[in-house]
Amino acid sequence: MDHPKKIQYSLSLGSNLALIFLFLTGTTVLFLSIWSPSYSLTNFPIFPFRREQLQSCQLPNSTAVEAPQDELESALEKASMENKTVIIAVINKAYADQDMKADTTMLDIFLDSFWLGEDTKKLRDHLLLVAVDQTAYDRCRFLRLNCFRLETDGVDFMGEKLYMSQDFIKMMWRRTLFLLEVLKRGYSFIFTDMDVVWLRNPFEKLSKNETEDFQISTDMFFGDPWSEKHLINTGFYYIRSNNKTIALFDKWYSLRDNSTGQKEQDVLLDLIRGGIIGQLGLKVRFLDTLHFSGFCQDSKDFREVTTVHANCCRSITAKITDLRAVLRDWKRFKKIMSYKRFANVNATETFRWTGHWGCWNSWKAGGNKTKV
C-alpha cells in the first residue's frame, strides 16, 4: 500500500508536468504562428477547426489589409495630381553633385526656376525625380523631394554622359523604358530634362483638349502645330496615358537594337516621319518656341515664354553658365515689370536674352554639331 504523502506528491508532480506541457505547447504554437508565414493554427492537430470556420469569425466591420504597393507606384501616387498626372525628371550624379570648380549644380538651377517662376512653386509637390545612381538619390532625399531610385544592373550612369556617347545613348533608352512603364500604370505626365528652366506654369500654355494625346517641344517651330516636319525635342513633352500612347512607346522602345548611332529622339523622329501618328490614330501637337523656348530658337516675347531649354548645347558646364544667364534675364524682366510705369512696355522690343555664349562655344572642342 502506497503511503498517502507519496500519492499526494505524485499527483502534484503530475499536475505540474501537465501544466508545463501545456505551457510549452502554447508557446510553440504562438512562436510558429508569428515567425512562420506558412504556418497556421489550422495545421496544428490540437486545434481541429477548419480555416473556413476561422474566417467566419472575423469581426463584421473589419477591413481587409491590402497588399503593399511597389516603390514606383507609391512614388507616383505621392507625386500625382488628382487627375493622375505627374512631372518627371531623370537625374544622375553629374546633375546633382557639385564638383570642385563649380559653385552650383544643374539641379539647383532647375529648382530655382520653380521658385522664381510664375505660378510654379506649387508644381514642385508634383515633381518626381528619378535618380539613376545613389548619389543623385541621396541628394534628392536630402532636399525632401519626391524621389525614385531607378536601378540598372551592370550600367554606371553616375558621371557626365557626353552627347551621343554610348553611355548617353544607353541612358536615354533606359529612360524611355521607364516612361513606358509609367504610361502602362495609367499616369499621364510632363517629362522635362533637368536643363529646362520653368518660368511659368506650363499647364497654362499646354492644350487642355483631352483628345490630344501628345504635345512635344521643338527645336525650331515652323508655324503649324500639326505639321510632322518639325524637329522634335524629347527634353520636354506632355503625354496622356492611353492605349495609343502606350503603343507608340512600345514601338519606339522596340527599335532600340536597330538604331546604331542614333539616340532615342532620332528614332522617334523617324517614326513620326514614317507615318506612325496616322497609323496609331494619334493626335500630336508640336509646341511653339514662343512659349516653350530653347537655345536653338529663343522665344521673342518675355510675356509669353514658359520654359527655356538649354538645347543646342554640348556640356553641363556650358548649360549651367547660360541657364544662369536666363534666370538673371528673367529676374531683370520681372523687376522692371513690377513698376507700374512699365506695365505697358512692349516686352518684345525692350528685352533681349543674353547670348548663349557658353553653349555656342561648347561645339568648338567637340566637332559634333547635332542638336541636344
Side-chain angles (χ1 to χ4, degrees), residues 85 87-88 118 172 176 179 183 188-193 195-252 255 259 262-313 326 346-349 351-353 356 359 369-372:
T85 299
I87 300 164
I88 296 176
E118 295 179 1
M172 294 303 100
T176 304
L179 295 173
L183 287 176
S188 303
F189 58 84
I190 284 181
F191 176 80
T192 177
D193 275 346
D195 58 351
V196 178
V197 291
W198 291 39
L199 305 181
R200 291 186 171 92
N201 184 342
F203 287 102
E204 296 301 317
K205 295 297 182 181
L206 291 167
S207 172
K208 297 177 177 60
N209 186 341
E210 295 187 2
T211 66
E212 295 180 21
D213 305 294
F214 194 19
Q215 301 178 58
I216 187 167
S217 63
T218 58
D219 285 332
M220 306 287 288
F221 185 71
F222 301 136
D224 180 3
W226 310 110
S227 172
E228 297 176 15
K229 295 181 180 179
H230 285 100
L231 295 174
I232 61 169
N233 194 304
T234 53
F236 183 93
Y237 58 85
Y238 173 51
I239 188 163
R240 297 181 187 276
S241 174
N242 57 44
N243 291 336
K244 292 181 289 184
T245 56
I246 291 171
L248 173 64
F249 269 60
D250 259 327
K251 179 63 176 178
W252 183 15
L255 298 175
S259 57
Q262 288 185 303
K263 61 184 181 298
E264 88 319 337
Q265 179 175 290
D266 300 328
V267 175
L268 180 58
L269 180 61
D270 288 345
L271 279 172
I272 292 172
R273 298 282 171 80
I276 192 70
I277 292 176
Q279 293 165 18
L280 295 177
L282 288 159
K283 192 169 185 180
V284 178
R285 179 186 292 270
F286 300 91
L287 297 172
D288 192 339
T289 53
L290 176 69
H291 306 299
F292 300 93
S293 177
F295 292 173
C296 300
Q297 185 180 50
D298 288 322
S299 171
K300 293 181 173 55
D301 194 340
F302 273 72
R303 292 182 186 271
E304 295 294 330
V305 66
T306 299
T307 61
V308 179
H309 186 187
N311 51 8
C312 289
C313 197
V326 168
N346 188 328
T348 303
E349 295 178 358
F351 297 97
R352 293 286 185 274
W353 299 105
H356 313 306
C359 287
K369 297 189 178 182
T370 309
K371 298 179 178 63
V372 61

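Atoms considered below: every heavy atom in the structure, side chains included; atoms not considered: hydrogens, waters and symmetry mates. Here, residue 1 is the first one in the sequence, and each next residue gets the next number. Keep in mind the model is a prediction, meaning the values are calculated, not measured.
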- Message: If the condition is salt bridge (Lys or Arg N to Asp or Glu O under 4.0 Å), which residues does K244 pass it with, not counting sequence neighbours?
- Response: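 If we apply the salt bridge (Lys or Arg N to Asp or Glu O under 4.0 Å) test to K244, skipping adjacent residues, the hits are D213.
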
- Item | For D250, salt bridge (Lys or Arg N to Asp or Glu O under 4.0 Å) partners two or more places apart |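 Only K184 meet the salt bridge (Lys or Arg N to Asp or Glu O under 4.0 Å) criterion with D250.
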
Return yes if some donor-acceptor pair links the side-chain N/O of [X] with the main-chain N/O of [Y] below 3.5 Å, else return no.
X    : Y    : answer
S241 : L183 : yes
Q297 : F221 : yes
D301 : R303 : yes

- Query: Between C312 and C359, is the SG gap short of 2.5 Å?
  - Reply: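 No; the two sulfurs sit 2.5 Å or more apart.
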
Heavy atoms only: give me the nearest [X]-[Y] pair and the separation to one decimal.
X    : Y    : answer
V305 : T307 : CG2-O, 3.8 Å
C296 : D219 : CB-O, 3.5 Å
I87  : F203 : CD1-CE1, 4.3 Å
N233 : Q265 : CA-OE1, 3.3 Å
T289 : S299 : O-CB, 3.4 Å

- Pairs touching residues 287-298 that satisfy salt bridge (charged side-chain N to carboxylate O under 4.0 Å, His left out), sequence neighbours left out: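 Sorted result for residues 287-298: empty, none.
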
So [Y] and [X], do their side chains get closer than 4.5 Å, heavy atoms only?
X    : Y    : answer
W252 : L179 : no
F292 : L206 : yes
I216 : F286 : yes
R200 : H291 : no
D224 : F222 : no

- Determine whether more than 12 heavy atoms belonging to other residues, nucleotides or ligands lie under 6.0 Å from atom CD of E210.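 It does not: E210 CD has 12 such atoms or fewer within range.
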
- Task: Please test L248 against L268 for side chain to side chain contact (heavy atoms under 4.5 Å, CB included), starting from the C-alpha separation and ending with a verdict.
- Result: CA-CA 9 Å; L248 173 64; L268 180 58; 4.2 Å; yes

- Message: E212: which residues meet the side-chain contact (heavy atoms from CB on, under 4.5 Å) condition with it, sequence neighbours left out?
- Response: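 With neighbours one apart ignored, the set is S207, N209, Q215, W226, K283, R285.
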
- Would the H356 and F295 ring centres measure less than 6.0 Å apart?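 Close enough - the centres of the two rings lie under 6.0 Å apart.
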
Could you list the donor-acceptor pairs under 3.5 angstrom formed between side-chain atoms of residues 271-278 and any protein atom two or more places apart in sequence or on another chain?
| from | atom 1 | to | atom 2 | distance (Å) |
| --- | --- | --- | --- | --- |
| R273 | NE | E228 | O | 3.1 |
| R273 | NH2 | K229 | O | 2.9 |
| R273 | NH2 | H230 | O | 3.4 |

- Supply the atom-to-atom distance N311 CG to T234 OG1, rounded to the nearest 0.5 angstrom.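 The OG1 atom of T234 is 10.5 Å from CG of N311, to the nearest 0.5 Å.
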
- Nearest 0.5 Å, what's the CG-CG distance between D266 and L231?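 Reported value, rounded in 0.5 Å steps: 10.0 Å.
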
- Task: Test side chain to side chain contact (heavy atoms under 4.5 Å, CB included) on Y238 and L287 and set out the steps.
- Result: CA-CA 10 Å; Y238 173 51; L287 297 172; over 6 Å; no

- Pick out which of T218, T306, I190 makes a side-chain contact (heavy atoms from CB on, under 4.5 Å) with F236.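 It is I190, the one option of T218, T306, I190 that forms the side-chain contact (heavy atoms from CB on, under 4.5 Å) with F236.
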
- Go through the steps for D270 and Q262 under the test side chain to side chain contact (heavy atoms under 4.5 Å, CB included), then give the verdict. CA-CA 10 Å; D270 288 345; Q262 288 185 303; 2.9 Å; yes

- Query: Among all residues two or more places apart in sequence or in another chain, which pass the ring-ring contact (aromatic ring centres under 6.0 Å, His included) test with Y237?
  - Reply: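 Y237 satisfies ring-ring contact (aromatic ring centres under 6.0 Å, His included) with F191, F214 once adjacent residues are dropped.
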
